[in-house]
Amino acid sequence: MAKVTLIPTQTPTLFLEAENITPDVFAGKNAQEIAALHAFVGKTTVTLGDYFTVEGEGGQAAADTTIVINGDVSRVKYIGMKMTAGEVVVNGNADMYVGSWMAGGKITVNGDIDAFAGLGMTGGELIVNGNAGNYLGAAYRGDWRGMQGGEIRVSGNAGSDVGTFMRGGTIIVGGDIDVHVGTHMEGGTIIVKGDAKSRVGGQMVKGTIYVYGDIDVMMPGFQYRNDVDLEVDGEEGHFALYEGDMGERHPKRKGEVIYGQLYMKY
């Protein structure tokens with residue numbers, strides 16, 4: 001697989017909006033052509049070469065292309081946005097919208113990411129070996145389609161509003177999570193291996209949430225059903241099953257009402 005290495009050379013005065021950093025765009029281009037790709041700092045059009053040293057070249061197609069960013073890009077937005085194949089590795093922290101609307105391929109961030117990562121994601125894999133910000137795998141503001149497919153795995157903690165309007169796919173958070181998990185959720189799976197604060201599953205219609213730790217304030221719209229033994233993310237555990245949110249209208253399947261399912265691990 002062909003590899004392109006980007007090394008940051010300066011920190012943007014504002015934030016660098018670099019939606020061109022994807023295997024789809026880099027495929028078929030040499031280092032000089034990649035350096036000439038446009039980006040934005042506020043209203044100013046710049047090039048990737050103004051902010052990165054570019055080494056290597058893209059493969060024939062996105063699936064043949066790996067992008068490695070060696071350095072801190074915590075002021076660079078939209079890395080891997082809308083990518084369909086290939087791989088991106090960030091050896092440092094990254095700013096907002098990492099992997100937003102991605103449909104395929106794999107992104108690994110060996111650091112922290114800011115808000116709106118995996119926004120509206122439909123496929124692929126996003127791995128964060130650090131912490132994630134707010135609105136992970138959620139819908140864009142004003143939209144009702146959050147994450148619909150693929151997998152997001154965060155080793156550390158995540159912020160608020162994770163999986164808002166989520167409709168498919170899987171989000172796994174290894175640490176704690178802030179308020180409003182799975183709000184308006186209509187499908188998919190969220191696994192929280194640490195603690196969660198209040199409003200877990202608020203206005204949830206379908207889908208599944210697992211919480212291994214404590215929930216500070218349980219939503220009143222969830223009702224306890226029974227205890228079950230399950231295998232979750234390769235681990236067996238004993239869980240209490242709650243269903244809800246009872247304040248919402250729920251669809252039926254073969255005459256039975258479908259509820260969102262919230263499992264709490266003992």
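Residue numbers run from 1 in the order of the sequence given. All of these numbers come straight from a predicted model, not from anything done at the bench.
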Does a side-chain heavy-atom distance below 4.5 Å link [X] with [Y]?
X	Y	answer
Val128	Ser155	no
Met102	Ile107	yes
Thr5	Asn70	yes
Ile21	Ile67	yes
Val98	Met96	no
His184	Val205	no
Val173	Ile171	yes
Glu236	Leu230	no

Looking only at heavy atoms, what is the nearest atom pair of [X] and [Y], with distance?
X	Y	answer
Ala196	Val211	CB-CG1, 4.3 Å
Asn20	Val25	O-CB, 3.5 Å
Gly58	Ala2	C-CB, 3.7 Å
Gly118	Leu126	N-CD2, 4.0 Å
Gly163	Ile190	CA-CD1, 4.1 Å
Pro23	Val88	CD-CG2, 3.8 Å

Under 3.5 Å side-chain donor-acceptor pair for His180 and Asp161
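No.
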
Nearest 0.5 angstrom please: [X] [atom1] to [Y] [atom2], how far?
X	Y	atom1	atom2	result
Glu55	Ile7	CD	CD1	4.5 Å
Thr183	Phe165	OG1	CZ	8.5 Å
Glu19	Ser100	CD	OG	10.0 Å
Gln223	Asp245	CD	CG	10.0 Å
Ile113	Asn131	CD1	CG	9.5 Å
Ile152	Met121	CD1	CE	5.0 Å

Polar side-chain atom of [X] near backbone of [Y] as donor-acceptor pair, under 3.5 Å:
X	Y	result
Glu33	Asn30	yes
Gln261	Gly244	no
Asp72	Gly92	no
Asp214	Asp216	no
Asp24	Thr84	yes
Thr9	Tyr51	yes
His250	Val257	no
Thr65	Ala61	yes

Give me the ring orientation class for Tyr242 and Tyr224: parallel if the planes are under 30° apart, tilted from 30 to 60°, perpendicular past 60°.
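Aromatic pair Tyr242/Tyr224 classed perpendicular.
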
Crowding at [atom1], [X] (>12 non-hydrogen neighbours, <6.0 Å):
X	atom1	result
Gln10	CD	yes
Arg75	CZ	yes
Lys29	NZ	yes
Lys206	NZ	no

Side chain to side chain contact (heavy atoms under 4.5 Å, CB included) evaluation trace for Val154 with Leu136:
CA-CA 10 Å; Val154 178; Leu136 179 73; 3.8 Å; yes

Let me know which of Ile191, Asp195, Val192 forms a side-chain contact (heavy atoms from CB on, under 4.5 Å) with Tyr212.
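Single side-chain contact (heavy atoms from CB on, under 4.5 Å) partner of Tyr212 among Ile191, Asp195, Val192: Ile191.
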
Picking from Met147, Gln203, Met204, what satisfies side-chain contact (heavy atoms from CB on, under 4.5 Å) with Met185?
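Only match with Met185 under side-chain contact (heavy atoms from CB on, under 4.5 Å): Met204.
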
Count I, L, V, M, F, W, Y as connected when their side-chain heavy atoms are under 4.5 Å apart, and connections chain through other members. Are [X] and [Y] then in the same cluster?
X	Y	value
Val228	Ile209	no
Ile34	Leu16	yes
Met219	Ile215	yes
Phe52	Val41	yes
Ile79	Leu48	yes

Between Ile69 and Asn91, does a side chain to side chain contact (heavy atoms under 4.5 Å, CB included) hold up when you go through it step by step?
CA-CA 6 Å; Ile69 302 175; Asn91 292 315; over 6 Å; no

Between Lys77 and Tyr97, is NZ or CZ placed under 6.0 angstrom from the six-membered ring centre and within 45° of the ring axis?
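Because its charged atom misses either the 6.0 Å distance or the 45° angle limit, Lys77 does not stack over Tyr97.
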
Could you tell me if Arg145 sits above the aromatic ring of Tyr140, with its cationic atom closer than 6.0 Å to the ring centre and no more than 45 degrees from the axis?
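Geometry flag: not set, cation outside 6.0 Å or 45°.
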
Please identify each residue that fulfils salt bridge (charged side-chain N to carboxylate O under 4.0 Å, His left out) with Lys106, with sequence neighbours left out.
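Checked Lys106 against salt bridge (charged side-chain N to carboxylate O under 4.0 Å, His left out); zero matches.
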
Does the distance from a Lys or Arg side-chain N to an Asp or Glu carboxylate O, for [X] and [Y], drop under 4.0 Å?
X	Y	value
Glu186	Arg167	yes
Glu243	Arg225	yes
Arg153	Asp233	yes

Would Val68 and Val4 count as a side chain to side chain contact (heavy atoms under 4.5 Å, CB included) here? Give the steps.
CA-CA 6 Å; Val68 178; Val4 178; over 6 Å; no

Applying side-chain hydrogen bond (donor to acceptor under 3.5 Å, both in side chains), name anything that partners Asp112, two or more places apart in sequence or on another chain.
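In terms of side-chain hydrogen bond (donor to acceptor under 3.5 Å, both in side chains), with neighbours along the sequence ignored, Asp112 is linked to no residue.
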
Test side-chain hydrogen bond (donor to acceptor under 3.5 Å, both in side chains) applied to Thr189 - qualifying residues, sequence neighbours left out
none

Go through it in stages, so that I can follow the logic: the residues are Glu235 and Lys193, the test is side chain to side chain contact (heavy atoms under 4.5 Å, CB included), and I'd like the CA-CA distance, side-chain angles, deciding distance and then a yes or no.
CA-CA 11 Å; Glu235 301 176 13; Lys193 297 189 176 181; 3.9 Å; yes

Taking the six-membered ring for Trp, are Tyr266 and Phe239 closer than 6.0 Å centroid to centroid?
no

